[in-house]
Protein chains: 2
Amino acid sequence: MAYAAAVDTLETRELRYFVAVAEELHFGRAAERLGMAQPPLSRAIQQLERRLGVCLLERNRRGVALTAAGRVLLSEGRATLDAATAAARRTRRAGGADNPGGARNRLVLAVKTAAVHELLQNLLDAYAAQPDAAEVEVLQCRMTDQEARLRDGSADVALMHVPYNSLAGFDSEELMSEGQLAVLPAGHPLAARKTLSVADITDLPDLPRARWPRHGVYAPGPGPEIHDQTQLAQLVALGRTVAVVPESAHAWMWPEHAAIPLTDAPPVVTHIAWPTHSRSPALASLIRTAVQLESSRQTSVTARRLPLG
Amino acid sequence: MAYAAAVDTLETRELRYFVAVAEELHFGRAAERLGMAQPPLSRAIQQLERRLGVCLLERNRRGVALTAAGRVLLSEGRATLDAATAAARRTRRAGGADNPGGARNRLVLAVKTAAVHELLQNLLDAYAAQPDAAEVEVLQCRMTDQEARLRDGSADVALMHVPYNSLAGFDSEELMSEGQLAVLPAGHPLAARKTLSVADITDLPDLPRARWPRHGVYAPGPGPEIHDQTQLAQLVALGRTVAVVPESAHAWMWPEHAAIPLTDAPPVVTHIAWPTHSRSPALASLIRTAVQLESSRQTSVTARRLPLG
DNA sequence: GCCACTGATACCCACCGGGTATGACAGCGC
DNA sequence: GCGCTGTCATACCCGGTGGGTATCAGTGGC
């Protein structure tokens, strides 16, 4: 309850400095990024190390390397800084139009661009019909940015797709589950098949799987590097790659595409997720709406049991 | 990636100050708790409000009240402060004996006192047999303190019991699931029954259910207020209350107790949980050991399917 | 050898976080 | 009514420290 000061707690300024140095592994560049001179930065890091009683960086001959403790602080520091900026953002939004009524009247919902479609539309419609509905702003995210947006306070709630997204660190409710399709160039021999297995489209020499960045870095491999769905769609149309997408992703299908069901791909499960602590009435209402919407849909449609893993 | 400064991010000092004021709802007492004088605290909060462009507190005639934005910042601020102290603690532990090898050699495992027993013993034994095993310190927690210990960095990993504990905000793996028992005074009429339902032991005038604090406050009710298992055990032995405990909690049964299976109580699911980002090799190895241990146990014992909800 | 480039040190200044004294204002008792 | 008490805000001062510039001290490359 009582948060101790001084020795036990780190200032976000110190964390910003350390994270910058740890990411750049170079005091000069880190200082430049921080908009300050190098000497005070060096001193600040030294003070931090002395206060923690721990060696964070190994300064050998040319450059800097992280120690084990440094790696821990980099990870924890990022999380703390995310929490701090999220605190600022969410507080600003909560007091935005200075609504004296007490309840915030706006929710930011992060979704992956070109995903979910009907689910999103149904959710927005159903929620808008609620008597206490807040205004919902839809924040379009590329790739798996919903996680970052939720973490840093840019969004209040997100639609996530497991296993593409990770729910780690968030509260969530499952909304729907669906199979996946292989999307091939229409002229490809495999495009004539009724169904495909994951093995059928793995390691095809003519169609290497595209690679997208996880946390900013691309995994090594033969396939092309992409960073959004449109690029992927074009590459498929050009006959350069094969894509695996959820069944409901037909929104961005092109005439040059052939979509074949994958019999053994892991199901894609759509969740509604939100930061652990925040649970405003408006957010709770949106979540309730989403869960009711999907449970009613599942009972009307024949519920299909999906195989596990 | 790049953490903006100044306007966008809050200093932990500001958050400490605001949280203190928001909890005390009194500048004088908050200042005293913070070990400082009241005027600079008032000024700091004003500066914070100006920087955020948001009104956090309503200062009406006598005392202070939180605005909606203030409530948001209280919750977000606590989370941020927890993250900051956790960063300091975990970094200190990681660099503790200044192990230059690179890997931290110690894990703190938070468990509920007088719970898990065999599972804990098996886990510690199995992990110690691993070639890369780190030293494991067992941190005994009362009630649901494992969550707080994990959040504030006092522990690296915890055994949690859903629904008593909440896994919100943590990564976790399920380890085992078990039914619950009603623990009655041995002489009580119901103690002769073979099984009981939850309804049977609800609202008994002679055995009101004990109340323990959630987040420091007791819910209202007729039952006695307790804060650890021993108190509960004694109250049952004295014929003052009835307890509901997991089947495996026989460790603290007394001769004066009678344990009757509850047919319709929700199952208690034991998870191993850890903070979302941290995933050191030692931690990963402990988690792997735990999961393997329990999956092998479940296949050797006849797996019992538990009813949902 | 020198040079380029790294991070560390030395020194100075200005800002601001914190202290004390006091003010403004509201409720309450006589 | 007036003054008392308790609240938070204001005024003012001071010292610590965060940040700047100039410079030093290693180290690898040519």
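Lettering follows sequence order; numbering is per chain, from 1.
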Check side-chain hydrogen bond (donor to acceptor under 3.5 Å, both in side chains) between E173(B) and all other residues, then give those that pass, not counting sequence neighbours. none

The nucleotide from dG7(C), dT9(C), dA9(D) with an atom nearest the side chain of R59(B) is dA9(D)

Expressed as a whole number of angstroms, how long is the span from [X]:[atom1] to [N]:[atom2]?
X	N	atom1	atom2	answer
Q47(A)	dG16(D)	CD	C1'	11 Å
L48(B)	dC16(C)	CG	P	16 Å
L41(A)	dT6(C)	CG	P	14 Å
Q46(B)	dA9(D)	CD	P	5 Å
E58(B)	dA9(D)	CD	P	13 Å
L56(A)	dG7(C)	CG	C1'	16 Å
F27(A)	dG20(D)	CZ	P	15 Å
E32(A)	dG20(D)	CD	C1'	16 Å

If I compare all heavy atoms of [X] with all of [Y], which pair ends up nearest, and what's the gap?
X	Y	result
A87(B)	T91(B)	O-OG1, 2.6 Å
L150(B)	D156(B)	CD1-C, 3.6 Å
V21(A)	L57(A)	CG1-CD1, 3.7 Å
A84(B)	T12(B)	CB-CG2, 4.1 Å

Short N-O contact, R93(A) and E76(B), less than 4.0 angstrom: no

Could you go over nucleotides 18-22 of chain C and give all protein N or O partners under 3.5 Å, atom names and distances?
{"unit_1": "dG18(C)", "atom_1": "OP1", "unit_2": "Y17(B)", "atom_2": "OH", "d": "2.9"}
{"unit_1": "dG18(C)", "atom_1": "OP2", "unit_2": "R13(B)", "atom_2": "NH1", "d": "3.2"}
{"unit_1": "dG18(C)", "atom_1": "OP2", "unit_2": "Y17(B)", "atom_2": "OH", "d": "2.9"}
{"unit_1": "dG18(C)", "atom_1": "N7", "unit_2": "R43(B)", "atom_2": "NH2", "d": "2.3"}
{"unit_1": "dG18(C)", "atom_1": "O6", "unit_2": "R43(B)", "atom_2": "NH1", "d": "3.1"}
{"unit_1": "dG19(C)", "atom_1": "OP2", "unit_2": "A37(B)", "atom_2": "N", "d": "2.8"}

For dC8(D), take OP1 and OP2 only and decide whether either is under 4.0 Å from a side-chain N or O of H26(B). yes

Using a cut-off of less than 4.0 Å, is there contact between a side-chain N or O of S42(B) and OP1 or OP2 of dC8(D)? no

Evaluate salt bridge (charged side-chain N to carboxylate O under 4.0 Å, His left out) for R29(A) paired with E23(A), printing each intermediate quantity in order. CA-CA 10 Å; R29(A) 282 195 298 274; E23(A) 285 181 354; over 6 Å; no

